[in-house]
Amino acid sequence: MRWTQTFIPTLKESPTDAEIASHKLLLRAGLIRKLGAGVYTFLPLGLRALRKVEQIIREEMDRAGAMEVLMPAIQPKEIWEQSGRYETASGVLFKVKDSAQRDWVLSPTAEEVITSLAANEISSYRQLPKNFYQVGVKFRDEIRPRFGLMRAKEFIMKDAYSFDTTDEGAMASYHKMYEAYQRIFARCGLKAFPVEADTGVIGGNYSHEFMVPAETGENDVVYCEACGYAANLEKATSGLPKTAPRDIGPAVEKFPTPGVVTIEALAKEPYKVAANRQIKTLVYILDSRPVIILVRGDDQLNETKLMARTGAVAVRPATADEIVPLLGAKPGSLGAVVNVPSEVPVYADDRLQGANDMTTGANEDGFHFRNVSLERDIKVTQWFDLRTVKVGEPCVKCNQPVKIQRAIEVGHVFKLGTKYSEKLNALYLDEAGKQHPAVMGCYGIGVTRTLQAVIEQSNDKDGIVWPIGTAPYTVCITPLSVKPDSDVMKLAEQYYAELTAKGVDVILDDRDERPGFKFKDSELVGFPIRVGIGEKSLAKGEVEIKPRSGQLIVAKRDDAVAKVLELVAAA
RNA sequence: CGGAGCGUAGCUCAGCCUGGCUAGAGCACUUGCUUUGGGAGCAAGACGUCGCAGGUUCGAAUCCUGUCGCUCCGACCA
């Protein structure tokens, strides 16, 4: 491709709405343009990079035995109601009506469609296992689109769905995808690693996310350098011991605490109750039903765990107006010792199990109880792991201190089980003629997000530093004179023809611009290899090869193509 | 949805508080000349419903009301 024949609108300054490096560079390097919040046009260069990522994904999915299909992005409301997700995923579903007032969903994912297909087309164990995938546009009614392609209303996703006869088969399918994902991200030039993950409204019981470490990510990953344990903070547990029991008096004791409504205030003079000897009492509304939640004073409730443990679809903290009539006191004086309505369940964090000598609110403004025993004084409906892990806690597997890292989620694999196949009747007959639901898995990769993650991970002060696998063009030939009959331009044309014939993606910067301008542009866009041809060095029979991330190489004019091919092969 | 902020040329922004003649700068763009190994110089030029609607006023980019869009923080997040 010749630079003058494509469209690469680079910007010296970055538009104000870009906040993070990768978003700025996507705009500045002329890869994308914004149409509206979370909605972007891919320009020629951006589309080429996107296609590279897609191509890698297709090759690895095919290699792993999956088949490509293409499913509708417009889906009837009914199948979403059948799976139950019309309600549970309601917050992010794009819902539309056609002119006949029929309801449709713009697809955020395709479990319903593929499972309907399997229900109709697959009837025998002889047809299994199968894994279908597609690459296409997905929609999500993001409340707040952010960071360019990272969190958009419309994006490209690769989604795959496996069907097996048995749980073991499903695990095998899962692992094939898990391995394919590792290959895909490595080929994209990304440092991505798998972590244990929550399954959210997709459902299922086993799941990993593929994370790219980045401070601008929207996830926190807990990991242990000693043993390799890694989990999303929403899922992670640690090896902290339970609260140590002590010798205590025979009964709880009420004491006045006027104006004290925080853990911190109670920890100070004159009360001096350490946070780890306090019970934090929270009231939440789980699917419109109030519950009391107890965690230790120095712990934070993890709302994702709360949803996962209770199966709730929507959780939110109760408001003060809801709490007062329920427990008789305002937040800050709440507890679960007395005055707990019998229909309100009490869920307590495991770490409080067996704890005593604790202090908690008395459900009376301005009063607390001390000398509280969880066992003796509180009727706990159910114990759960509900707390959020903190940096430095002992690893749940090996007891070494864990670390926490921000990260971008680029892929997610789920073992779904039979949740969808049961609801949508994807049944098969086994050898004995007995009917079973297929055991499913689903596997997503955010393609556009992956592209941006590559840029977020690979850039410097001058611009993007494309890994060779995802670069829109691998080589940029930069003649410093573009006069058609000049030796410089003739050689540039020759290199262009030779490299193109060898299957290398080459762009020839044939713009009649000053050298500095062209150099800056090629570095901003980030082509992995630049071949510079100038009159002065050519007079000595030399040209310059500049890897974007390495030292300048001076090559003889007749060796340059071989040298470039060598660099491409080595990458 | 709660909080904060911003909408003026393709981009970055000034002007608004304290209303006043013809709405500005830099970059980008067009033409010419010069320049030619790290985002050139000079000259000339083109580009604006000042987000939109209404109001106040002799007069509104500027003040008021409404509305739409965008950004950030929070909530949310397959």
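Proteins get letters first, then strands, A, B, ... in listed order; numbering begins at 1 in each. The figures here come from the full heavy-atom set of this structure, side chains too, leaving out hydrogens, waters and symmetry mates. Model, not experiment: these values are computed from the prediction.
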Within the pair [X] and [N], is there a side-chain N or O less than 4.0 Å away from OP1 or OP2?
X: A:K34; N: B:rU71; result: yes
X: A:T16; N: B:rU71; result: no
X: A:S14; N: B:rC11; result: no

Any [X] side-chain heavy atom under 4.5 Å of [Y] side chain:
X: A:K138; Y: A:I156; value: no
X: A:I507; Y: A:F527; value: yes
X: A:Y473; Y: A:V506; value: no

Taking only residues two or more places apart in sequence, or in another chain, which ones meet [X] in a salt bridge (charged side-chain N to carboxylate O under 4.0 Å, His left out)?
X: A:R309; answer: A:D385
X: A:R387; answer: A:D299, A:E393
X: A:E303; answer: none
X: A:R557; answer: none

Describe the nucleic acid contact of [X] in one word from base, sugar-phosphate, nothing, applying a heavy-atom distance below 4.0 Å.
X: A:E234; value: nothing
X: A:E303; value: sugar-phosphate
X: A:D159; value: nothing
X: A:P15; value: sugar-phosphate
X: A:G534; value: base
X: A:R33; value: nothing

Which residue lies more 5' along RNA chain B, comparing A:R316 with A:D17 via nearest heavy atoms: A:D17
Between A:S107 and A:R28, just flag the one whose closest nucleotide in RNA chain B comes earlier from the 5' side. A:R28
Identified pairing partner of [N], criterion: Watson-Crick or G-U wobble below 3.5 Å:
N: B:rG7; answer: B:rC68
N: B:rG59; answer: none
N: B:rA28; answer: none

From the list B:rG38, B:rA78, B:rA40, which nucleotide is the closest neighbour of the side chain of A:R530? B:rG38
Of [range], the positions that come close to RNA chain B - non-hydrogen atoms, cut-off under 4.0 Å:
range: residues 213-222 of chain A; result: none
range: residues 474-490 of chain A; result: A:L480
range: residues 133-150 of chain A; result: A:R140, A:I143, A:R144, A:R146

Can you tell me the distance, in whole Å, between the [atom1] atom of [X] and the [atom2] atom of [N]?
X: A:R511; N: B:rG38; atom1: CZ; atom2: C1'; value: 13 Å
X: A:L301; N: B:rA75; atom1: CG; atom2: P; value: 13 Å
X: A:L306; N: B:rC76; atom1: CG; atom2: C1'; value: 15 Å
X: A:N232; N: B:rA78; atom1: CG; atom2: C1'; value: 13 Å

May I ask you to check whether A:T418 and A:E422 show a side-chain donor-acceptor distance below 3.5 Å? yes
When every non-hydrogen atom of A:E112 is compared with those of A:S116, the smallest separation belongs to O-OG, 2.7 Å
Quick check: closest heavy atoms across A:D462 and A:D460, and the distance to 0.1 Å? N-OD1, 2.9 Å
A:Y174 and A:H208 aromatic ring geometry - parallel, tilted or perpendicular at 30°/60° bounds: tilted
Once ring pair (Phe, Tyr, Trp, His ring centres under 6.0 Å) is applied, do any residues pair with A:F94, and if so which ones, sequence neighbours excluded? none
Distances for protein N/O vs nucleotides 25-34 of chain B N/O pairs under 3.5 angstrom?
residue	atom	partner	partner atom	Å
B:rG26	N2	A:E13	OE1	3.2

Do other residues, nucleotides or ligands put more than 12 heavy atoms under 6.0 Å from the CD atom of A:Q300? no
NZ (A:K305) with more than 12 external heavy atoms under 6.0 Å: yes
Do any pairs count as a salt bridge (charged side-chain N to carboxylate O under 4.0 Å, His left out) and have a residue in residues 514-536 of chain A, sequence neighbours left out, and if so which ones? A:R511-A:D521, A:E523-A:R530
Assert yes or no for the condition that the ring centre distance of A:F414 to A:Y443 is strictly below 6.0 Å. no
A correct 5'-to-3' footprint of nucleotides 43-51 of chain B, with B, S and - meaning base, sugar-phosphate only and no protein heavy atom under 4.0 Å, is ---------
Would you list the atom pairs, donor with acceptor, under 3.5 Å between side chains in residues 209-217 of chain A and any protein atom, with sequence neighbours excluded?
residue	atom	partner	partner atom	Å
A:E209	OE1	A:N232	ND2	2.7
A:E215	OE2	A:Q405	NE2	3.4
A:T216	OG1	A:E456	OE2	3.0

